[in-house]
Amino acid sequence: MVELLLLLLLLIFPFLLYVAAPQIRKMLSSGVCTSTVQLPGKVVVVTGANTGIGKETAKELAQRGARVYLACRDVQKGELVAKEIQTMTGNQQVLVRRLDLSDTKSIRAFAKGFLAEEKHLHILINNAGVMMCPYSKTADGFEMHIGVNHLGSGVTTYSVHPGTVQSELIRHSSFMRWMWWLFSFFIKTPQQGAQTSLHCALTEGLEILSGSHFSDCHVAWVSAQARNETVARRLWDVSCDLLGLPMD
């Protein structure tokens, strides 16, 4: 009798999990950008915008009327996404420019080209990043993770954590891809993952929270080490020294 009950539970549990998954995912994705701000005349740059969170962020900003630059390493893939966003939003001002964050020459070339095209930049979304790459170095000799995620992206105004999101960030790890597949019902979609970036980019009055860390569209706790001004200044100075930039 006990064995029969256990067997029944094993058979029913996956079904119950499947039924409950949307509500659990909704609970885990509680943060939603509620801003209704429109962006006609505004200029936006989104790095890594040809897939995942970056693509969803760019789409929403284009929907609001901004001129959106998709800053991508893979220009061909970026062009396909740009056309898709143009079709979906009716906004033809979705442009693609090459940017490889693992190469400071590419970064400088992107910045020079952008300054030749635009007088202002209203919103910058530093979305591009890498995770769990096999050991390799950038074109400038930096370890890939520190080179792309920190030195390549530069200093951001806000730090955001999108949560656990179904994206290509885990493409270098077979184990993580398997885990994401196994728990796919509970993992945020790229659209849900974009909400905190959109919240910080669009919500008025957040200026007083500059430098804060956000998660699920709310200010989130960070460790004492992350709040240490001395360590932060040291990191800034070392980063500038590595990139050959003035420290002030």
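Just so it is clear, the structure is predicted and the values come from calculations on it, not from any experiment.
Residues Val75 and Val81 share a hydrophobic cluster, clusters being chains of Ile/Leu/Val/Met/Phe/Trp/Tyr side chains in contact below 4.5 Å. The cluster map of Ile, Leu, Val, Met, Phe, Trp and Tyr, joined by side-chain heavy atoms under 4.5 Å apart, puts Leu95 and Leu124 in the same cluster. Residues Leu121 and Val44 do not share a hydrophobic cluster, clusters being chains of Ile/Leu/Val/Met/Phe/Trp/Tyr side chains in contact below 4.5 Å.
Here the side chains of Glu204 and Ser35 are not in contact, with every heavy-atom distance at 4.5 Å or above. You'll find the side chain of His120 stays beyond 4.5 Å of the side chain of Val43, heavy atoms only. The side-chain heavy atoms of Ser239 and Leu151, taken from C-beta on, include a pair separated by under 4.5 Å. Considering only heavy atoms from C-beta on, Ile123 stays 4.5 Å or farther from Lys42 through its side chain. Contact of the Lys59 side chain with the Pro190 side chain is not registered, since no non-hydrogen atoms from C-beta on lie closer than 4.5 Å.
A distance-only check finds a donor-acceptor pair linking the side chain of Asn127 to the backbone of Thr47 [under 3.5 Å]. Between the Arg227 side chain and the Val222 main chain, a donor and an acceptor come within less than 3.5 Å of each other. Between the side chain of Asn126 and the backbone N or O of Ser153, at least one donor-acceptor pair lies under 3.5 Å. When atom types are taken as modelled, the side chain of His145 and the backbone of Cys133 share a donor-acceptor pair closer than 3.5 angstrom. Judged by distance alone, the side chain of Glu79 and the main-chain N or O of Val96 form no donor-acceptor pair under 3.5 Å.
Taking every heavy atom of both residues into account, Gln191 and Glu56 meet most closely at N-CG, 3.5 Å. What you find for Ser212 and Val219 is that their closest heavy atoms are CB-CG1, 4.4 Å. When all heavy atoms of His199 and Cys217 are compared, the closest pair comes out as NE2-O, 3.3 Å. Shown here for Ala71 and Val45, the closest heavy-atom pair between the two residues is CB-CG1, 4.1 Å. Between Ala49 and Ala58, the shortest heavy-atom contact is CB-CB, 4.3 Å. Residues Asn91 and Ala62 come closest through the heavy atom pair ND2-O, 3.0 Å.
To the nearest 0.5 Å, atom OG1 of residue Thr87 and atom CD of residue Gln92 are 7.0 Å apart. Asn149 contributes atom CG, which lies 8.5 Å from atom CD of Glu143 (distance to the nearest 0.5 angstrom). Between atom OG1 of residue Thr57 and atom CG of residue Leu70 there is a gap of 11.0 Å, rounded to the nearest 0.5 Å. From Leu99, atom CG reaches atom CZ of Phe114 across 12.0 Å, with rounding to the nearest 0.5 Å. Distance check: Glu60 CD to Leu39 CG gives 9.0 Å after rounding to the nearest 0.5 Å. In this structure, NE2 on His213 lies 10.0 Å from SG on Cys200, to the nearest 0.5 angstrom.
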**Request:** Kindly indicate, with the supporting measurements, whether the criterion side-chain contact (heavy atoms from CB on, under 4.5 Å) is fulfilled by Cys33 and Leu202.
**Result:** CA-CA 8 Å; Cys33 176; Leu202 299 172; 4.2 Å; yes

**Item:** Leu243 vs Phe142, side-chain contact (heavy atoms from CB on, under 4.5 Å): CA-CA, chis, key distance, verdict
**Value:** CA-CA 10 Å; Leu243 293 171; Phe142 304 122; 4.2 Å; yes

**Request:** Output, in order, the C-alpha distance, side-chain angles, deciding distance and verdict of side-chain contact (heavy atoms from CB on, under 4.5 Å) for Leu61 and Leu198.
**Result:** CA-CA 8 Å; Leu61 297 172; Leu198 292 168; 3.9 Å; yes

**Request:** Might you work through the side-chain contact (heavy atoms from CB on, under 4.5 Å) test for Thr138 and Asp103, ending with a clear yes or no?
**Result:** CA-CA 6 Å; Thr138 68; Asp103 185 349; over 6 Å; no

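His122 is linked by a side chain to side chain donor-acceptor pair (under 3.5 Å) to nothing, counting only residues two or more places apart in sequence or in another chain.
Looking at Glu229 and Arg233, no side-chain N of the basic residue comes within less than 4.0 Å of a carboxylate O on the acidic one, giving no salt bridge.
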